[in-house]
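Take a look at the structure below.
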Amino acid sequence: MKITIINNQQYCWTHWSEKNINIYIKGSFWFEGEYFREEKACLKLLKLFKLESSQSNIIYDKIQPCINSLIGNFAIIIKLPNLVIATVDKVKSYPVFYRYENSTLKISNCADNLIDRTTPDSFNLDAITIFKMSGYCIGKETFLKNVKQLQPGSILFFFIPEGEVIIRRYYKYFPENNTHHVQNYGGIEELNKITMQVFSRMIKSIDGAPIFLPLSGGLDSRLILAVLKKLKYDNITTYTYGLKGAWETKRAKLIAEKVGVKWLFVELKQRPTRNLFHTKDRLNYFRFAGGLSSAPHLAEYYALLSLRKEHLIPENAVIINGQSGDFTSGGHIPSFLNSQSTDKIDIDIFLNSIINKHFSLWTNLITPKNRQLVSNKILKSLSLEERKLISNTEFANFYELHEWEERQSKYVINGQRAYDWFGYEWKLPLWDDELMKFWQNVDWKEKRGQKLLLEYLDEFNFSGLFKDINLSAQYSYFPNWAKPIKPFFHALSGISKRDVQYYYHKYLKYYMTYGAFYPQKNYFEYIKHSKWHRNNASYWVHEYLDEVAKRNNFLYEE
């Protein structure tokens, strides 16, 4: 039996060892009101788990509640003489990968380090198909059949004498009590209490460091800015990136000026930004961030490149963004649920709702065969294989469970890798454990469309940013020169019977607000396949997958 822990130094994990105990950790956590990181965190884990080098057995029921009690963003690997434990936090802030075959277990913070260079690894073609549809692999799968990833809220146990990998879930984003309802002002007061606790704890951990806040003008980043100001944290710089003149830019600038914080605008001009895609640094960043399972994000990468080039962001900056407040507060629950005349919904409606929303990066891939592939994976992961009908409440709860477990933890959270690439510390207050626990137990009718959150923000109106504030209207994502073309496409849509979005995607998205994030060097490259794509991320999945295949001399079916 052979055990190998591969700690890729590029990911900057802390490694602590004593006698026959090795602990690897990334991130930080709170336990009983005290903050732990790096070596201090390792020593706390040693004490918390009562680890001893001679110990050969630790009962699952003892470890799971201990991990569940840690509040923070972290990943941990522990190696004892006869036992290996690996775990990630409740949102998989930092990924952990493993490979077990031929009585050999390898665990790493870098999926590329688990590729077998001596024998050709085989691609997992089903996982790749799903990746191209969504931008991430679902379940524990990666591009390779023998390389797996830990799911959010999971622990891997490996007892060396027995030689068996055992995965246990210590957390799921699912109501603890389906009958729990938050009632009006009482719920708002509870939400405010928890929000203040979360932000006060975060501020304490930052310890006066400069905060850099990506400000979009939406609710989430605005909430973070407003609460930080309420709690008297003034060392804040906000920044907004994109095309000059976009409505989000105007709104973000107005918000920053209203509360008196520094605001930076990072203009991402289309041609220079696209040229950055074809650089060695971007190529290396994709390799760093992809994990053989998730499409890397480019927006924050480009923004930080610009800020660093102009020396506008210090090395000790802590970056705080608004992920994923819109999800936890109910903003992703399908709106049609409220209009259902029956409380029994066909399971196919549930599946199609998920697939059309999250597995449509390329519409030509949504074939009957691929729909069935994704449906089977979803049903199995949610233990709904035998169900034909579900209630409205089950629909909402399982919909959120699936998105938390897959898109949020695999794709959205993976955006933090841009900060890791440049060596910046980061925080995700809206993904804090206490806020997650609050929101997961709010009845879906109370939070759908962010109803409770909007009531909360309207009631407390922090820094005057939510009530009676005259923000700029949400303007079109089209550049001014393209607006006169829109009626032509609407007319063409009526004649051809194609959805007007078909023409927007095929001809105009390359020049719209997020046009700078397309990797194609020119418009003619874009136009070849543009009719099927959803957004710029559609191309990121192909670029990353092709780079993995080329780097490792693999072949896979298109």
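When a residue number appears, it is its place in the shown sequence, counting from 1.
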Please check if any side-chain donor atom of [X] sits under 3.5 Å from a side-chain acceptor atom of [Y], or the reverse.
X	Y	result
Asn376	Gln372	yes
Trp16	Asn22	no
Ser28	Tyr35	yes
Asn535	Tyr518	no
Gln149	Tyr98	no

Could you tell me whether the side chain of [X] and the main chain of [Y] form a donor-acceptor pair under 3.5 Å?
X	Y	value
Ser324	Phe327	no
Arg282	Phe277	yes
Asn109	Asn8	yes
Ser108	Ala111	no
Ser294	Gly290	no
Thr195	Leu191	yes
Ser293	Tyr136	no
Asn414	Ala289	yes
Arg169	Pro152	yes
Tyr285	His297	yes

[X] and [Y]: which non-hydrogen atoms are nearest, and at how many Å?
X	Y	answer
Gly72	Asp433	N-OD1, 3.3 Å
Leu435	Leu430	CD1-CA, 4.2 Å
Gly163	Phe158	C-CE1, 3.6 Å
Leu292	Tyr544	N-OH, 2.8 Å
Ile167	Ser154	CG2-CB, 4.2 Å
Thr14	Cys42	CG2-SG, 4.3 Å

How are the rings of [X] and [Y] set relative to one another: parallel (under 30°), tilted (30 to 60°) or perpendicular (over 60°)?
X	Y	value
Tyr399	His358	tilted
Tyr239	Tyr241	tilted
His542	Trp362	perpendicular
Tyr11	Phe288	parallel
His402	Phe359	tilted
Phe143	Phe123	tilted
His533	Tyr539	tilted
Phe174	Phe398	tilted

[atom1] of [X] to [atom2] of [Y]: how many Å apart, nearest 0.5 Å?
X	Y	atom1	atom2	value
Met133	Ile128	CE	CD1	14.0 Å
Trp404	Gln151	CH2	CD	7.5 Å
Asn82	Ile3	CG	CD1	10.0 Å
Leu373	Leu365	CG	CG	11.0 Å
Cys110	Trp13	SG	CH2	11.5 Å

Ring pair (Phe, Tyr, Trp, His ring centres under 6.0 Å) between Tyr94 and Trp426, intermediate numbers included
CA-CA 12 Å; Tyr94 303 97; Trp426 52 265; 5.2 Å; yes

Output a table of donor-acceptor pairs, distance under 3.5 Å, between side-chain atoms of residues 314-321 and any protein atom two or more places apart or on a different chain; print 'none' if there are none.
{"from": "Glu315", "atom 1": "OE2", "to": "Arg308", "atom 2": "NH1", "distance (Å)": "3.4"}
{"from": "Asn321", "atom 1": "OD1", "to": "Gln323", "atom 2": "N", "distance (Å)": "3.1"}
{"from": "Asn321", "atom 1": "ND2", "to": "Gln416", "atom 2": "OE1", "distance (Å)": "2.9"}
{"from": "Asn321", "atom 1": "ND2", "to": "Tyr419", "atom 2": "OH", "distance (Å)": "3.1"}

Heavy-atom side-chain contact between [X] and [Y] under 4.5 Å:
X	Y	result
Val541	Leu361	yes
Ile85	Leu156	no
Thr87	Phe157	no
Leu389	Ile345	no
Ile21	Lys79	no
Ile349	Ile347	no
Thr363	Arg534	no
Leu105	Ile160	no

Using a strict cut-off of less than 4.0 Å between a Lys/Arg side-chain nitrogen and an Asp/Glu carboxylate oxygen, indicate whether [X] and [Y] qualify as a salt bridge.
X	Y	value
Lys410	Glu405	no
Glu400	Lys447	yes
Lys40	Glu34	yes
Arg287	Asp112	yes
Arg387	Glu385	no
Lys427	Glu425	yes
Glu39	Lys44	no
Lys357	Glu403	no

Could you check Ser360 against Asn356 for side-chain hydrogen bond (donor to acceptor under 3.5 Å, both in side chains), going step by step and ending with a plain yes or no?
CA-CA 6 Å; Ser360 58; Asn356 293 339; over 6 Å; no

Are Trp431 and Asn73 close enough, and set up right, to give a side-chain hydrogen bond (donor to acceptor under 3.5 Å, both in side chains), and what steps lead you there?
CA-CA 9 Å; Trp431 266 128; Asn73 302 105; over 6 Å; no

Other residues, nucleotides and ligands only: do more than 12 of their heavy atoms fall within 6.0 Å of CD on Glu386?
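Open: at most 12 neighbouring heavy atoms sit under 6.0 Å from CD of Glu386.
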
More than 12 non-hydrogen atoms from neighbouring residues, nucleotides or ligands closer than 6.0 Å to NZ on Lys106, yes or no?
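No, because the 6.0 Å sphere around NZ of Lys106 holds 12 heavy atoms or fewer from other groups.
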
Sorted by chain and number, sequence neighbours left out, salt bridge (Lys or Arg N to Asp or Glu O under 4.0 Å) with Lys377 holds for Glu141

Take Lys388 and Asp346 through the test salt bridge (charged side-chain N to carboxylate O under 4.0 Å, His left out) and record every step on the way to the result.
CA-CA 6 Å; Lys388 300 298 182 185; Asp346 192 291; over 6 Å; no

